[in-house]
Amino acid sequence: MITDPLILSIVIVLVMFTFLLSSIWIGVSLILTGIVGMLIFNNNLPPVISIYDKIGDLLAASMYDSLNSWSLAALPIFILMGEILYKSSISTRLLNGLTPWLNFIPGKLLHINVAACSLFAAISGSSSATTATVGKITLDELKKRGYSKSLALGSLAGSGTLGFLIPPSLIMIIYGVLSNVSIGKLFMAGILPGLLLATLYSFYIMIVSKIDKSVVPVSEDKYSINDYIHSIKDLFPILSLITVVLGSIYGGFATPTEAASLGVLGSAILAIYFKSFSIDILKNALLNTIKTSVMISFIIVGAGFLSQVVGFLGIARAISEFIGTLGLSPFALILIIGIMYVFLGMILDGISIVVMTLPIVLPIIVLAGFDPLWFGIFLVFMVELSQITPPVGFSLFVIQSISGEKIEYILKATLPFFILMIVAVILITIFPEIVDFVPKYMTTK
C-alpha cells in the first residue's frame, strides 16, 4: 500500500494518463483513476467498513454534489442558444453587417474574423461554434477577394478561442460551479481581457498589412451611405440580443441561467424573423445540445469523484505543503502552472483540463495569495491556448475540416496568434487590474 500523498499523486497522474491515452471516455477515465487511487491507498478504515463501500459512498456523493447546481443549469441553455444561432442565417447577417465598417482599417476585411468572432462569442459562449460559424462564412469569401490565406486562417484560429473568454462562457460557468466563484463576476472579469486579446490580434493584422502589401488586395469595394445604413439593419438585431443577454446579467435583472433562457428565446425569435427557423433546425439543435450537455456533465461527475478522492487521500494538502517548501515566488509559481497547462493542452480538451486540475491547483493558488476570480480568467486563457495546441487542438481540427488545408500549414499560420495570447496572459499577470476593474466597478455602483 502507498501512504505518502506525494508519491500517491504521481501514481494517480500516471494512471490517469494511461486511461486517457487508451481512448477510454474521459469521464470513465476520471472515475477509474479515483477508484484505483482508493484501492492502492492504505486507508486505515475500520474492518467493518469495506473500501468498496467507501468508494460507492464517494461516487454517489460526488454525482449529487457535482450536478446539483442551479448555476450549472445555464450550461445546456447557452449551448442551445449557440446551436440555434449556428444553424440559422443569423451568423451570415452578422458578417454582412460588419463588412462595410472594416473597409477603412489597415488590413481591411482581414479584421472580420476578429470582429465577428468577438461578437459571436458574446452570444454563443462556445469556441467550437464560434470558429465553425465564422470560418464557414469568412474563409471562402476572403480567398475570393485575394486576401492572405495564412493570415485568414491564423486570425480565425486565434479569434475563435474568444468564445471561452468573452462572456457568456461555458468554461467560466464550469469554473464558477467548481470553485464557488460568482459566475456573474467571472463574466464581468472576462470583458477587458477579451477586448485586450482582440485588440492585440487586430494590431498584429494592421502591422503585417503595412509591412507586407501582398496580404491585402490592391482594389477594394467602395461602400455608400446606403450600404452603411443597410449594414446597421443586419447588425441591430444581433447587437440587441447581446445587450439583452449580457445587460440582464450585469444589470442585476437576471441570473446567468435566466439570461441564457432569454438568449434562447431571443435567438429563436430572430431566426423566425429572418425566416431561417424550422422544425428540423430546432430538432438538430436540441439533439446536439443534449449530446454536448451529457458529455460535459459526465466529465464533471468524474472530476467531482476524483476531487473527492484527492481530498480524502490528502493529496491537495500535501502538494500545497510541498510547493510551499520550494520557496517559489508567486510569479514563479504561476509560470510553472502556466507551463503545466500548455503541456496538458497538447493531450486534453479545455473542459477536461479545468475539471481535472482545479481540485489540486486552486488550493495552491489561493495559498500563494492569488485571487480565485483572477485565476479563473487566467485558466480560461490556458484553455484558449489548448484549443490551438497540437495534437488535441479542437479549433485546429475545426479549421482543417472547413478549409481543407494541411494541419502543418494551419499550425504555422496560427503560431503568431498563439504567441499573442501568451503576451495577453503576461499582461493580466503583471497588471491584474485588467481582470478586476469591471467586477469592482459594477459591484460598487
Side-chain angles (χ1 to χ4, degrees), residues 9-10 13 16-17 20 127 157-158 160-166 169 171-172 174-176 178-179 181 186 189-190 192-194 196-198 200-201 303 310 316 319-320 322-396 411 414-436:
S9 65
I10 296 174
V13 169
M16 180 176 62
F17 278 102
L20 290 171
S127 177
T161 62
L162 291 170
F164 283 145
L165 188 58
I166 295 180
S169 164
I171 294 296
M172 288 183 185
I174 294 172
Y175 176 84
L178 296 178
S179 64
V181 174
L186 282 169
L192 284 185
L196 170 66
L197 187 59
L200 289 175
Y201 289 160
V310 166
I319 293 178
S320 299
F322 175 72
I323 295 292
T325 61
L326 296 179
L328 295 174
S329 67
F331 287 110
L333 174 64
I334 207 68
L335 174 62
I336 292 175
I337 291 176
I339 293 174
M340 176 193 73
Y341 277 122
V342 171
F343 279 110
L344 287 177
M346 296 180 181
I347 54 176
L348 297 172
D349 65 282
I351 294 174
S352 302
I353 290 174
V354 173
V355 296
M356 285 196 302
T357 62
L358 200 59
I360 297 176
V361 173
L362 188 59
I364 299 174
I365 288 295
V366 173
L367 188 66
F370 288 99
D371 182 5
L373 178 64
W374 174 88
F375 183 68
I377 303 304
F378 173 85
L379 188 56
V380 170
F381 269 107
M382 294 298 104
V383 172
E384 286 186 335
L385 285 169
S386 74
Q387 294 294 295
I388 53 178
T389 303
V392 190
F394 286 171
S395 292
L396 300 179
L411 284 172
T414 306
L415 181 59
F417 296 88
F418 182 89
I419 295 174
L420 288 173
M421 198 177 299
I422 294 178
V423 171
V425 173
I426 294 174
L427 288 176
I428 68 164
T429 304
I430 298 175
F431 306 104
E433 296 83 5
I434 298 174
V435 174
D436 298 334

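FYI, side chains are in, hydrogens and waters are out, and symmetry mates aren't considered; it's all heavy atoms of this structure.
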Exercise. Under a 4.5 Å cut-off applied to non-hydrogen side-chain atoms, are Tyr175 and Val181 in contact?
Worked result: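 They are in side-chain contact.
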
Exercise. Between Val383 and Thr161, is any pair of side-chain heavy atoms under 4.5 Å apart?
Worked result: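 Val383 vs Thr161: side chains apart.
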
Hey, what do you get for [atom1] ([X]) to [atom2] ([Y]), rounding to the nearest 0.5 Å?
{"X": "Leu415", "Y": "Leu420", "atom1": "CG", "atom2": "CG", "value": "9.5 Å"}
{"X": "Leu379", "Y": "Glu384", "atom1": "CG", "atom2": "CD", "value": "10.5 Å"}
{"X": "Ile171", "Y": "Met382", "atom1": "CD1", "atom2": "CE", "value": "13.0 Å"}
{"X": "Leu200", "Y": "Leu427", "atom1": "CG", "atom2": "CG", "value": "6.5 Å"}

What's the shortest heavy-atom distance between [X] and [Y], and which atoms?
{"X": "Leu186", "Y": "Gly376", "result": "CD2-CA, 4.3 Å"}
{"X": "Gly194", "Y": "Leu162", "result": "O-CD2, 3.9 Å"}
{"X": "Leu197", "Y": "Ala424", "result": "CD1-CB, 3.9 Å"}

For this session: Under the ring-ring contact (aromatic ring centres under 6.0 Å, His included) rule, collect the residues that match up with Phe381, sequence neighbours excluded.
Result: none

Problem set entry | Ile377: which of Asp436, Val435, Val425 passes side-chain contact (heavy atoms from CB on, under 4.5 Å) |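 The single option meeting the side-chain contact (heavy atoms from CB on, under 4.5 Å) with Ile377 is Val435.
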
Problem set entry | CA sep, side-chain torsions, deciding dist, call: Val361, Tyr341, side-chain contact (heavy atoms from CB on, under 4.5 Å) | CA-CA 11 Å; Val361 173; Tyr341 277 122; 3.8 Å; yes

For this session: Quick one: list whatever passes side-chain contact (heavy atoms from CB on, under 4.5 Å) with Ile422, sequence neighbours left out.
Result: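 Partners of Ile422 by the side-chain contact (heavy atoms from CB on, under 4.5 Å) criterion, ordered by chain and then number, come out as Leu385, Phe418, Ile426.
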
Name the atoms and distances for all side-chain donor-acceptor pairs under 3.5 Å in residues 368-375, with sequence neighbours left out.
from   : atom 1 : to     : atom 2 : distance (Å)
Asp371 : OD1    : Leu373 : N      : 3.1
Trp374 : NE1    : Ile428 : O      : 3.0

